[in-house]
Amino acid sequence: MEINFPFSTSRQNPSLMLPTPPTFTKMASMAFPVVQSPRNSTPISSSNKEQAQNWNALKFVRGKKLLKDLSTWGIGGPCNYFVQVFHQTHLLSAIRYCREFSIPYVVIGKGSNCLFDDLGFDGCVILNQIDFLERMEPGVYRAGSGFRFNHLGSLSCNEGFTGLEFAAGIPGTVGGATYMNAGANGQETANVIESVDIVTTEGNFRTLNRIDLTFGYRSSSFQDMGNLAAIVAATFRLERSGSAKKRQQELLKRRRATQPVNERSAGSVFRNPVNLGVSAAELIDKAGLKGCSIGGAMVSNIHANFLVNNGVSTSQDMLNLIALVKDKVDSKFGVELEEEVLYFHPYWNYANWER
């Protein structure tokens, strides 16, 4: 079956010319705060010459990059624009371009909690490769938002510091872990954050101290921050411990035994219900859904809160399976599960972008 995209997929050489702003189709959509709308916003001050120079330095790719290659689920069609950024100035330049031409954009890291649509994304996907690491003092690490979170967890434990033992099992980035307040085994990212550097949609860089931020279970202030363009870096303050490395090794061993680490998944799909004393995985298991499949999407036989792509899952397969799991658990236990993963509709309704 041939799919006709309402946006250009021309094979221009991105190094020879700047992308041409696309025409967007308005459709109803789910909206998440990570997708930013440049509409009705104050332009970022910069000379036209400077902007053109910065834009030409970026390697935009038109209509070729498949989002399945940017997601741990391995699902997703082409995005209209794709660009990698390796420094905060690159990030700012990409955001400026999207704002100038009213292009919706999303900044992603490892794509470990993202469900992209098979139709792709009618906007710009900015891949965050800001992966520096600075040791400010013993136990204090400042990491770029594109730095691998599991690498930071392993490194800090190997150097004798506690607080990020759980991170070694999370295949995301520092920025994603901070945004979602990732956690496991009684630890959370928020517990060791000292400050976070961000760039706003107005093009300003800001440093937010821990006291300025609010975190909850898989939630953070950033999820409700309307002018957040992206997290640039985070600083973590850890405590010295002689047992951190041993504990981390124990957690990794348990993870390999209880999670489908060799299958394509997005980690835990649903948040654990609050104050019920039972996990989402237990509810899904007791509903008899382990091994249940729709098309190429399946509830893992190893861990019921992991929905896996057996290699041929479409985005609709996964959406249908998520809906089925929620319906069955609600019908059997009266519990409405909430997703941790974010679904990106291919066309974003301008009216919903500011939610």
Side-chain angles (χ1 to χ4, degrees), residues 33-34 85-88 91 107-110 112-113 128-200 204-225 227-252 254-255 267-268 271 340:
V34 288
V85 295
F86 299 89
H87 189 271
Q88 65 182 35
L91 174 62
V107 182
I108 68 168
K110 294 295 182 182
S112 57
N113 68 332
N128 181 358
Q129 302 275 39
I130 306 173
D131 61 354
F132 67 85
L133 179 67
E134 300 172 350
R135 291 170 175 80
M136 312 301 288
E137 59 182 84
V140 180
Y141 301 87
R142 181 173 180 264
S145 51
F147 194 83
R148 287 183 298 155
F149 196 52
N150 53 10
H151 185 44
L152 178 62
S154 296
L155 182 148
S156 59
C157 286
N158 287 340
E159 294 181 357
F161 296 97
T162 182
L164 288 175
E165 288 91 329
F166 76 98
I170 297 181
T173 60
V174 164
T178 302
Y179 182 87
M180 295 296 294
N181 188 22
N185 305 112
Q187 293 182 323
E188 288 185 330
T189 307
N191 294 342
V192 290
I193 282 181
E194 182 168 86
S195 64
V196 180
D197 302 325
I198 68 170
V199 59
T200 69
N204 299 316
F205 290 103
R206 296 176 55 195
T207 297
L208 302 174
N209 294 318
R210 179 62 180 85
I211 195 172
D212 303 318
L213 301 168
T214 302
F215 292 92
Y217 174 65
R218 304 300 177 268
S219 66
S220 71
S221 306
F222 304 108
Q223 296 173 14
D224 298 316
M225 199 174 293
N227 68 337
L228 174 70
I231 294 172
V232 174
T235 300
F236 304 88
R237 181 173 291 274
L238 310 181
E239 299 293 330
R240 191 170 289 280
S241 169
S243 60
K245 185 174 181 179
K246 180 181 178 181
R247 181 168 187 252
Q248 184 173 81
Q249 291 172 338
E250 292 171 349
L251 294 177
L252 285 172
R254 185 191 310 170
R255 177 176 180 268
S268 294
R271 303 172 190 266
E340 281 189 29

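Judged by distance alone, the side chain of Q223 and the main-chain N or O of Y179 form a donor-acceptor pair under 3.5 Å. Of the possible polar contacts, none joining the N181 side chain to the F215 backbone as a donor-acceptor pair under 3.5 Å is found. Checking side-chain atoms of N128 against main-chain N and O of G109 turns up no donor-acceptor pair under 3.5 Å.
Two residues are said to be in side-chain contact when any heavy atoms from C-beta on lie closer than 4.5 Å; H87 and F132 fail this criterion. F161 places none of its side-chain heavy atoms less than 4.5 Å from the side chain of F236. The shortest distance between side-chain heavy atoms of M225 and L208 falls below 4.5 Å. Within the 4.5 Å cutoff, side-chain heavy atoms of L133 are placed close to those of L152. For the pair T162 and R240, the minimum side-chain heavy-atom distance is 4.5 Å or more.
If you check the side chains of T207 and D197, you find a donor sitting under 3.5 Å from an acceptor.
With ring centers used as reference points, F147 lies 6.0 Å or more from Y141.
When each of I198, V196, L213 is checked for a side-chain contact (heavy atoms from CB on, under 4.5 Å) with T178, only V196 meets the rule.
Note that OG of S268 is 11.0 Å distant from CG of N113, once rounded to the nearest 0.5 Å.
Salt-bridge annotation for K245 and E165: absent, with no side-chain N of the basic residue lying under 4.0 Å from a carboxylate O of the acidic one.
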